[in-house]
Amino acid sequence: SFPYRQFICLSPLKITDPLFARFCLPSDCHTELPVEPVKSSSPSEEEENPLVIRLNHLLEEEKVWKNPDLTVASLAQMLGTNRSYLAQAIQEAGYVNFADLINRHRVQAFCCIAEDGKVKSVQDAFFLVGFRSKETALRSFKKYTGSLPSEYLMKVAANRSKTSEL
């Protein structure tokens, strides 16, 4: 059983224990993944679709992707729609499918934690951002960043030391 599970929920993550505070996502983190979502619709079409707007709100404001038990059905229920309309909205938002949407957000959150220098354990950080499986986390991380987490962390550390020298 994963010891941090009680800290991952459908509402925004609130961490009160100082042990877990090192994993809080920096609010000003704007890490962009090298692999961008595929935009299949025009921005005006995206803005007009209320389901896409509500989906983006759940992802950006409520950070539902942190929940390791999140499924297409549960996300559709939160949005008050069915799986088919949700799949269409996900594609309109520029993602291939549900897994692409969720895993991309999780990898981006991991990168934010890494850039803030708060990754003490790769596995713990992966679980904190919502990955249930180390294998899925590693596969997704490699897919979206083109590197392994250890390589990414070394790159971030090197950039941090270059910046501190200036």
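Computed over heavy atoms, backbone and side chain alike; hydrogens, waters and symmetry mates excluded.
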Participant: Is any side-chain heavy atom of W65 less than 4.5 Å from a side-chain heavy atom of L101?
Facilitator: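 Not touching, per the 4.5 Å side-chain cut-off.
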Participant: Under the side-chain contact (heavy atoms from CB on, under 4.5 Å) criterion, do F126 and T136 qualify, and how do the steps go?
Facilitator: CA-CA 10 Å; F126 275 142; T136 302; over 6 Å; no
Participant: Locate the shortest heavy-atom distance separating A89 from V52; write the atom from each residue and the value.
Facilitator: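 Taking every non-hydrogen atom into account, O-CG2, 3.6 Å.
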Participant: How many angstroms lie between atom CZ of R104 and atom CG of L59, to the nearest 0.5 angstrom?
Facilitator: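 Those atoms lie 12.5 Å apart.
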Participant: Considering only heavy atoms from C-beta outward, does the side chain of I102 approach that of Y95 to under 4.5 Å?
Facilitator: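 With C-beta onward as the side chain, the pair stays apart.
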Participant: Quick one: CZ on R106 to CZ on F127, what's the gap to the nearest 0.5 Å?
Facilitator: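 If we round to the nearest 0.5 Å, R106:CZ and F127:CZ are 11.5 Å apart.
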Participant: Using the side-chain contact (heavy atoms from CB on, under 4.5 Å) rule, take L86 and L55 through it: C-alpha gap first, then chi angles, then the decisive distance, then the call.
Facilitator: CA-CA 9 Å; L86 176 57; L55 174 63; 4.2 Å; yes
Participant: Taking it one step at a time, do F131 and Q123 satisfy side-chain contact (heavy atoms from CB on, under 4.5 Å)?
Facilitator: CA-CA 9 Å; F131 284 108; Q123 186 168 345; over 6 Å; no
Participant: Could you state whether M154 and V122 fall into the same hydrophobic cluster, counting links through intermediate Ile, Leu, Val, Met, Phe, Trp or Tyr residues with side-chain heavy atoms under 4.5 angstrom apart?
Facilitator: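 In one cluster: no.
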Participant: Is the closest side-chain heavy-atom distance between I113 and L128 below 4.5 Å?
Facilitator: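 The answer is yes, as the side chains (C-beta and beyond) meet within the 4.5 Å cut-off.
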Participant: Using the side chain to side chain donor-acceptor pair (under 3.5 Å) rule, take E135 and S133 through it: C-alpha gap first, then chi angles, then the decisive distance, then the call.
Facilitator: CA-CA 5 Å; E135 292 76 21; S133 154; 3.1 Å; yes
Participant: Go through the steps for F141 and L138 under the test side-chain contact (heavy atoms from CB on, under 4.5 Å), then give the verdict.
Facilitator: CA-CA 5 Å; F141 194 87; L138 291 172; 5.6 Å; no
Participant: Once rounded to the nearest 0.5 Å, what's the spacing between atom OG1 of T81 and atom CG of L51?
Facilitator: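 Reported value, rounded in 0.5 Å steps: 5.0 Å.
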Participant: Side-chain contact, heavy-atom cut-off 4.5 Å: K66 with H105?
Facilitator: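 Side chain of K66 against side chain of H105, heavy atoms only: no contact under 4.5 Å found.
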Participant: With a 4.5 Å cut-off on side-chain heavy-atom distances among I, L, V, M, F, W and Y, is there a chain of contacts connecting V119 to L148?
Facilitator: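 No, no single cluster joins them.
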Participant: Return the CG to CZ distance between L75 and F98, rounded to the nearest 0.5 Å.
Facilitator: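 Separation between the atoms: 5.5 Å.
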Participant: Around atom CZ of R83, are there more than 12 heavy atoms of other residues, nucleotides or ligands at under 6.0 Å?
Facilitator: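 Open.
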Participant: Taking atom CD of E151 as the centre, does the number of heavy atoms from other residues, nucleotides or ligands within less than 6.0 Å exceed 12?
Facilitator: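 Atom CD in E151 is packed in, count exceeds 12.
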Participant: To the nearest 0.5 Å, tell me how far L153 CG sits from C111 SG.
Facilitator: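 The distance works out to 9.0 Å.
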Participant: In Å, rounded to the nearest 0.5 Å, how long is the span from CD of E61 to NZ of K63?
Facilitator: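 Answer rounded to 0.5 Å: 6.5 Å.
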Participant: Check whether S74 reaches the backbone of L70 with its side chain - one donor and one acceptor, N or O, closer than 3.5 Å.
Facilitator: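 No; zero donor-acceptor contacts below 3.5 Å.
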